[in-house]
Amino acid sequence: MVLPADLTVELDAADWLALHPGETAYAVTLQPGEQTALVNNCPVELRGTPFVEKDVFYYPLEDIVELFGDTFRLDGDQVTVDTGEDGSFSFQIGSTAVTAEDGTIYANDGQQEYYPLGVSPYRQEPCRPAILRDGIVYVPQGFQLSQGNMPRYMWGKDYPWTSTVIFSHGESGQEWNSYKIMTPFDDLPAHQRAGLQCLGAKGEVRDYYDEVEYRGDGYSVFVLQRKPGTDNMDQLDGLISAIIVDDARYATPRGLRCGMTKERAWALYGWDLAMELGCEVENGVITRWGYRSPYYSACGLPTCFDLVYEG
């Protein structure tokens, strides 16, 4: 279930989890002063409101932990985050030291990069501790639970010029609807390939390969095909080089679909998957999106490096 971007709903973290059983929160986008976050493009009400204090972005920890499927517990001034597979971690309000369940203590005393709101130059200073405000635990962006940074989502990406922090879970980029970049097209099930119409070569790659388009219902799959009389020098013959979607019925795992604005694309991705995900924009609106090999594709879809949010 993916809700339209302009639909206002009253969901909290528990509601979102109940409505999306088994779905991974691939991206949670926060802005200071905004209690509503974006979770896979779905607006969700947080318990607390993120804020910036002395150039440091603080966010309500319980919401983030819960949305990414882990367990949060507050007992007095003791906070425990249970990640399941990666174990549990605990720390005290007012402290940066974190204790793992095996007793290992992570000092969390490394220098963090803090950005003044709205500009890019940063300064470095030791990580600040967790705080309790109005009964809600807030931690600064950059607060880590262990040297290995487990769980991974704890490290939000800071985009100071747009006052945005995006927490993201690992996802298999360059894959959609069982199609995956740089994998053999002929390995797809016969019934899946049968639903595609070959439209012929649409471009040339590295002098030795044509890029052939196979058209489906609202999308295209591009496949590299060795030119007659040439060698398969780069071992690319038969590999999928691009997957492009131009139909609003289909969405990325983070909820991006055609018809959305480039600002929404930025809010969902930032620079995540910048080389893997491409978007074509007309009059500020996304008309096509897809995954492409940045080195072995001539499909013409710009990478997200070309999608710059300037407003």
Side-chain angles (χ1 to χ4, degrees), residues 2 24 26-27 168-260 262 264-266 268-282 285-308:
V2 179
T24 299
Y26 286 106
S168 60
H169 190 282
E171 64 183 283
S172 56
Q174 298 186 290
E175 183 174 4
W176 175 80
N177 199 25
S178 300
Y179 302 105
K180 187 174 183 180
I181 300 301
M182 304 311 285
T183 60
F185 179 69
D186 287 344
D187 284 355
L188 292 170
H191 72 272
Q192 190 170 7
R193 286 184 280 115
L196 299 173
Q197 178 186 3
C198 182
L199 300 184
K202 299 299 179 179
E204 180 183 275
V205 176
R206 293 206 162 200
D207 298 330
Y208 302 100
Y209 303 93
D210 289 321
E211 191 169 36
V212 178
E213 181 179 3
Y214 290 83
R215 183 66 183 173
D217 182 17
Y219 65 93
S220 292
V221 178
F222 291 81
V223 180
L224 298 174
Q225 179 177 294
R226 180 171 57 87
K227 290 184 176 183
T230 63
D231 294 327
N232 188 18
M233 291 189 62
D234 296 319
Q235 304 300 308
L236 301 176
D237 190 33
L239 300 186
I240 296 174
S241 55
I243 307 155
I244 298 179
V245 175
D246 52 28
D247 192 312
R249 290 176 296 169
Y250 307 119
T252 68
R254 298 191 185 199
L256 176 67
R257 63 179 72 235
C258 294
M260 290 183 177
K262 67 175 185 177
R264 181 50 65 96
W266 174 263
L268 295 174
Y269 281 93
W271 288 125
D272 275 8
L273 310 181
M275 288 297 288
E276 300 172 354
L277 179 72
C279 291
E280 190 169 78
V281 177
E282 293 182 10
V285 174
I286 294 171
T287 55
R288 299 194 304 162
W289 64 265
Y291 301 107
R292 49 159 288 181
S293 167
Y295 304 109
Y296 304 119
S297 178
C299 68
L301 188 71
T303 69
C304 271
F305 279 121
D306 301 293
L307 184 69
V308 179

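Scope of the values below: all heavy atoms of this structure, side chains included, with no hydrogens, waters or symmetry mates.
The distance from atom CE of Met182 to atom CD of Gln235, rounded to the nearest 0.5 Å, is 11.0 Å. Put simply, SG on Cys299 and NZ on Lys202 are 12.5 Å apart, with the number rounded to the nearest 0.5 Å. If you take CD1 on Ile244 and OG on Ser297, they are separated by 6.5 Å, rounding to the nearest 0.5 Å. Taking CD1 of Ile243 as the reference point, atom CZ of Phe222 lies at 11.0 Å (rounded to 0.5 Å). A distance of 12.5 Å separates CG in Leu188 from NZ in Lys180, rounded to the nearest 0.5 Å. Here the OG1-CD distance, from Thr287 to Glu280, works out to 4.5 Å after rounding to the nearest 0.5 Å.
Partners of Asp246 by side-chain hydrogen bond (donor to acceptor under 3.5 Å, both in side chains), not counting sequence neighbours, listed by chain and number: Arg215. For Asp207, the side-chain hydrogen bond (donor to acceptor under 3.5 Å, both in side chains) criterion is met by no residue, not counting sequence neighbours.
At least one side-chain heavy atom of Phe185 sits less than 4.5 Å from a side-chain heavy atom of Leu196. Put simply, the side chain of Glu211 reaches to within 4.5 Å of the side chain of Leu224, judged on heavy atoms. Counting heavy atoms from C-beta on, the side chains of Cys279 and Leu256 come closer than 4.5 Å. Put simply, the side chain of Glu175 does not reach to within 4.5 Å of the side chain of Tyr291, judged on heavy atoms.
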Step by step, would you call Asp234 with Tyr209 a side-chain contact (heavy atoms from CB on, under 4.5 Å)?
-> CA-CA 10 Å; Asp234 296 319; Tyr209 303 93; 3.9 Å; yes

Passes side-chain hydrogen bond (donor to acceptor under 3.5 Å, both in side chains), Tyr269 versus Thr252? Steps please.
-> CA-CA 11 Å; Tyr269 281 93; Thr252 68; 2.9 Å; yes

What's the verdict on side-chain contact (heavy atoms from CB on, under 4.5 Å) for Val221 and Trp176, showing C-alpha distance, side-chain angles and the deciding distance?
-> CA-CA 10 Å; Val221 178; Trp176 175 80; over 6 Å; no

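Side chain of Tyr296 to backbone of Leu239: no donor-acceptor contact under 3.5 angstrom is found. Looking only at distances, no side-chain donor or acceptor of Gln225 sits under 3.5 Å from a matching main-chain atom of Gly238. Distance alone, capped at 3.5 Å, is enough to place a donor-acceptor pair between the Arg254 side chain and the Leu268 backbone.
In terms of heavy-atom proximity, Arg257 sits nearest to Ala248 at NH1-O, 2.6 Å. Smallest separation of non-hydrogen atoms from Cys198 and Val212: SG-CG1, 3.6 Å. Of all the heavy atoms in Arg226 and Asp231, the pair that sits closest is CD-C, 3.4 Å.
Other residues, nucleotides and ligands contribute at most 12 non-hydrogen atoms within 6.0 Å of the CE atom of Met233.
Residues Tyr208 and Asn232 bring no donor and acceptor atom of their side chains to less than 3.5 Å of each other.
Residues Tyr219 and Tyr179 place their aromatic rings such that the two centres sit under 6.0 Å apart.
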